[in-house]
Amino acid sequence: MAQLWGGRFTKETDQLVYNFNASISFDKKFYKQDIEGSVAHVRMLGKQGILTEEETQAIVDGLNGILADVESGKLLITDEYEDIHSFVEANLIDRLGDTGKKLHTGRSRNDQVALDMRLYTRIQVLETDELLVELLQVLLRLMKENTETIMPGFTHLQKAQPITLAHHMGAYFEMFKRDRMRLHDIYKRMNYCPLGSGALAGTTYPLDREYTAELLDFYGPTLNSMDGVSDRDYLIEFLSALSTIMMHLSRFSEEIIIWNSNEYQFVEIDDAYSTGSSIMPQKKNPDIAELVRGKTGRVYGALMSLLTTMKGIPLAYNKDMQEDKELSFDAMDTAKGCIALFTGMMDTIRFNREVMRKSANNGFTNATDAADYLVKNGVPFRDAHGIIGQIVLYCIEKDIAIDDMSLEELQKFSPVFKEDVYDAISMETCVNMRCTIGAPSKTAMEQVIAQEEKYLSEKWER
Ligand code: ARG
């Protein structure tokens with residue numbers, strides 16, 4: 001049991017207490033950020049004359065040596081230390097003797113861990129953003145390829161009006177684009193450095209907080225030391241953004257599962273992204289989509305957990321806050337994994353365009369347009385709605401589509417029908433007459449695609 005704080009104690013910690021308190025099993029995940037933070041802190045101490053030049057250089061070299069040895073596998077992070085901070089400090093002291101003991105001058109583990117978690121989360125925000133860009137690129141390609149791929153659009157999971165596959169993919173494009181904007185907002189708010197907050201009330205050393213903030217690529221220091229050590233808002237915001245991403249992926253997964261079902265057969269998931277059954281040889285299951293849908297609960301769980309952990313904590317640091325890590329790490333890894341797998345699945349999925357088209361034809365998706373045809377020819381909308389309703393009933397009985405009826409048959413329901421009705425209610429007309437921005441027509445979609453292409457070509461200015 002290697003502890004940093006043994007001085008005031010006369011008894012050994014009970015082993016169960018030690019285990020309960022220790023965090024090394026999970027905070028070792030940010031060893032790199034812990035060392036980077038320490039290097040910046042020590043450089044600042046040197047610049048301020050709090051450490052000599054020689055001491056500063058020795059500690060920086062020592063820390064970089066520890067980092068290199070951990071990365072090469074030469075130095076293992078083991079459970080004999082309480083947390084990652086103790087591990088690094090103890091190793092530094094092993095290497096440098098008394099000089100190593102000066103590392104923690106003007107710092108507390110409270111501002112240290114606040115910094116580490118922020119640095120780690122900041123990287124996660126960036127990595128999640130990059131993964132979303134890759135997903136958006138696949139969606140944009142599918143949009144470009146499918147501006148003429150007609151399929152039914154649904155409300156209540158009932159066929160409603162014809163759309164195109166490009167339009168359907170475009171809806172998800174918008175969702176994931178907003179998800180990126182949320183990440184960018186979070187980044188802007190979180191990118192301030194808590195180091196120098198001390199245990200809660202700053203320190204008596206003449207620290208240069210602007211300097212450490214700059215070394216670590218933050219916009220500046222946080223402005224209240226009690227808030228600096230106890231703020232986890234940025235993590236809650238990030239978990240909330242990840243939850244929204246998962247909610248979007250889960251909706252998308254649900255559709256892929258439906259589209260992949262034997263009844264729909266709109267898509268075929270690539271063999272590389274499907275799994276079989278141990279007993280039923282015919283099966284090819286959409287397990288990836290199901291798992292993404294299922295894992296959504298884990299990410300929501302992490303958000304609920306942290307919100308609940310934080311709600312009763314008085315200022316400033318309390319040990320409850322150590323609970324910010326395990327579930328957050330899990331949520332970050334889960335969400336990133338899900339985005340990457342979903343992107344791969346969508347990049348390789350095959351669309352059965354014929355089946356989609358037939359499904360649109362056979363579902364009365366042109367009923368609204370048939371009613372509009374009557375309206376354009378002078379029939380009041382409510383009457384037109386009633387007439388088409390009767391026609392739909394007639395077609396259901398005969399198991400045909402409206403387009404399959406002869407002109408005489410149509411005219412029995414209304415004398416207003418003329419030969420041009422067939423063109424007016426064709427799937428192509430139904431889609432391409434919907435040409436306001438945001439609607440499914442080819443021209444409207446092409447305008448949107450051009451905008452989205454420009455959006456994806458622009459780099460995010462941090
Ligand atoms: N493992 C702790 C955490 O994750 C580090 C901070 C410890 N500070 C303290 N005063 N015990 O929050």
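Only heavy atoms go into these numbers, but all of them, side chains included; no hydrogens, no water, no symmetry mates. Note that ligands are numbered from 1 as they come in the structure, with each ligand's atoms numbered from 1 the same way.
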Give every pair made of an N or O atom of ligand 1 and a protein N or O atom lying under 3.5 Å apart, one pair per line with both atom names and the distance to 0.1 Å, or write 'none'.
| residue | atom | partner | partner atom | Å |
| --- | --- | --- | --- | --- |
| ligand 1 | 1 (N) | Ser23 | OG | 3.1 |
| ligand 1 | 1 (N) | Gln322 | OE1 | 2.7 |
| ligand 1 | 4 (O) | Lys325 | NZ | 2.5 |
| ligand 1 | 8 (N) | Asn110 | OD1 | 2.9 |
| ligand 1 | 10 (N) | Asn110 | OD1 | 3.0 |
| ligand 1 | 12 (O) | Tyr317 | OH | 2.4 |

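Checking Thr155, Thr365, Thr368 one by one against Gln161, the side chain to side chain donor-acceptor pair (under 3.5 Å) holds for a single residue, Thr368.
Between Glu174 and Arg178 no salt bridge is recorded (no basic side-chain N to carboxylate O distance below 4.0 Å). A salt bridge is absent between Arg109 and Asp27: the closest approach of a Lys/Arg side-chain nitrogen to an acidic carboxylate oxygen does not fall below 4.0 angstrom. Checked for salt-bridge contact, Lys29 and Asp333 meet the test: a charged N lies under 4.0 Å from a carboxylate O.
In the model, His168 has a side-chain atom that pairs as donor or acceptor with a side-chain atom of Glu255 under 3.5 Å.
Aromatic pair Phe218/Tyr192: ring centres not closer than 6.0 Å.
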